[in-house]
Amino acid sequence: MDCIFCKIVSGEIPSKKAYEDENVLAFYDLEPQAPVHILVIPKEHITSAAEIDESNSSVISKIFEAIAKIAKELDLKDGFRVVTNCGDAAGQTVKHLHYHLLGGRDFTWPPG
Ligand code: AMP
Ligand code: ZN
């Protein structure tokens with residue numbers, strides 16, 4: 001499958017890893033939008049949040065366990081933001097489910 005995040009999982013495309021376990025990979029975003037900007041993904045290809053169902057949702061809890069671990073490790077105690085863009089209107093450019101973990105600065109709400 002021609003998916004850049006699957007290629008990052010396989011090692012075909014290099015990444016700067018922040019966390020890895022059997023089901024989850026986290027790596028630094030190439031174009032950081034905050035002092036800390038990490039992408040947390042399931043190793044299994046899931047296209048977006050719209051494709052989560054009973055057959056694959058267990059990895060979502062693993063992703064959020066990883067997010068909490070990374071946030072502790074990087075000392076993001078002032079707060080952080082977790083975002084997933086789902087579909088073109090939301091600005092999803094890579095069609096492999098990913099959660100942006102953003103920290104190290106203040107964020108506005110609502111987002112643009
Ligand atoms: P989204 O626009 O929500 O689909 O986010 C995709 C993100 O992937 C963007 O923030 C890109 O900067 C990031 N990105 C694309 N290719 C790579 C790569 N090879 N390594 C790390 N981050 C990437
Ligand atoms: Zn993929």
Side-chain angles (χ1 to χ4, degrees):
M1 188 188 302
D2 197 24
C3 168
I4 58 170
F5 286 179
C6 283
K7 287 180 181 166
I8 285 176
V9 170
S10 72
E12 199 178 325
I13 293 176
S15 67
K16 186 183 168 200
K17 284 178 193 170
Y19 174 85
E20 181 169 20
D21 66 28
E22 196 187 338
N23 305 108
V24 176
L25 180 66
F27 53 94
Y28 284 83
D29 197 292
L30 272 187
E31 290 180 49
Q33 303 302 317
V36 173
H37 187 173
I38 290 169
L39 300 173
V40 189
I41 71 170
K43 287 188 172 177
E44 166 195 7
H45 183 87
I46 301 171
T47 304
S48 75
E51 308 303 321
I52 298 167
D53 60 25
E54 281 181 1
S55 75
N56 59 21
S57 62
S58 62
V59 74
I60 306 304
S61 58
K62 301 294 175 197
I63 285 172
F64 277 86
E65 288 172 27
I67 287 170
K69 275 184 200 157
I70 297 164
K72 277 195 192 78
E73 202 172 290
L74 299 183
D75 202 26
L76 300 178
K77 58 180 173 325
D78 290 343
F80 58 87
R81 182 165 287 177
V82 179
V83 179
T84 187
N85 298 319
C86 179
D88 293 335
Q92 184 182 8
T93 58
V94 178
K95 304 298 199 261
H96 179 131
L97 178 64
H98 51 281
Y99 291 85
H100 297 258
L101 167 57
L102 299 141
R105 66 168 171 86
D106 291 343
F107 298 95
T108 56
W109 191 262

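Residues meeting the side-chain hydrogen bond (donor to acceptor under 3.5 Å, both in side chains) test with Asp78, sequence neighbours left out: none. By the side-chain hydrogen bond (donor to acceptor under 3.5 Å, both in side chains) test, Glu20 pairs with Lys17, Lys43, sequence neighbours left out.
The environment of Asp75 atom CG is dense: over 12 non-hydrogen atoms of other residues, nucleotides or ligands sit within 6.0 angstrom.
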Below 3.5 Å, can you tabulate the donor-acceptor pairs from side chains in residues 57-72 to any protein atom, sequence neighbours excluded?
from	atom 1	to	atom 2	distance (Å)
Ser57	OG	Asp53	O	3.4
Ser61	OG	Ser58	O	2.8
Lys69	NZ	Tyr19	OH	3.4

Quick one: side chains of residues 90-97, donor-acceptor pairs under 3.5 Å with protein atoms, not counting sequence neighbours, listed by atom name and distance.
from	atom 1	to	atom 2	distance (Å)
Gln92	OE1	Gly87	N	2.8
Gln92	NE2	Thr47	O	3.0
Gln92	NE2	Val94	O	3.0
Lys95	NZ	Asp88	OD1	2.8
Lys95	NZ	Gln92	O	2.8
His96	ND1	His45	ND1	3.3
His96	NE2	Pro42	O	2.8

Solution key, residues 25-33 side-chain donor-acceptor pairs under 3.5 Å, sequence neighbours excluded:
from	atom 1	to	atom 2	distance (Å)
Asp29	OD1	Glu31	N	2.8
Asp29	OD2	His37	NE2	3.4
Gln33	NE2	Glu31	O	2.9

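Using a distance-only test at 3.5 Å, with no hydrogens or angles considered, no donor-acceptor pair links the side chain of Asn85 to the main chain of His100.
With a 4.5 Å cut-off between side-chain heavy atoms of Ile, Leu, Val, Met, Phe, Trp and Tyr, the cluster of Val83 takes in Leu102, Phe107.
Separation of atoms SG (Cys3) and CD1 (Ile41) is listed at 7.5 Å; rounding is to 0.5 Å. Atoms OG and NZ, on Ser15 and Lys7 in that order, are 14.5 Å from each other to the nearest 0.5 Å.
Glu51 and Ile46 make their closest contact through CB-CG2, 3.9 Å (heavy atoms, listed as atom of the first residue, atom of the second, distance). Scanning both residues, Cys86 and Ala50, for their nearest heavy atoms gives SG-N, 3.6 Å.
Taking hydrophobic clusters as Ile, Leu, Val, Met, Phe, Trp and Tyr residues chained together by side-chain heavy-atom distances below 4.5 Å, Val24 does not share a cluster with Leu39. Hydrophobic cluster membership differs between Val40 and Phe5, with clusters built from Ile, Leu, Val, Met, Phe, Trp and Tyr side chains linked at under 4.5 angstrom.
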Exercise. Would you check, one step at a time, whether the test side-chain contact (heavy atoms from CB on, under 4.5 Å) holds for Ile52 with Asn56?
Key: CA-CA 6 Å; Ile52 298 167; Asn56 59 21; 3.8 Å; yes
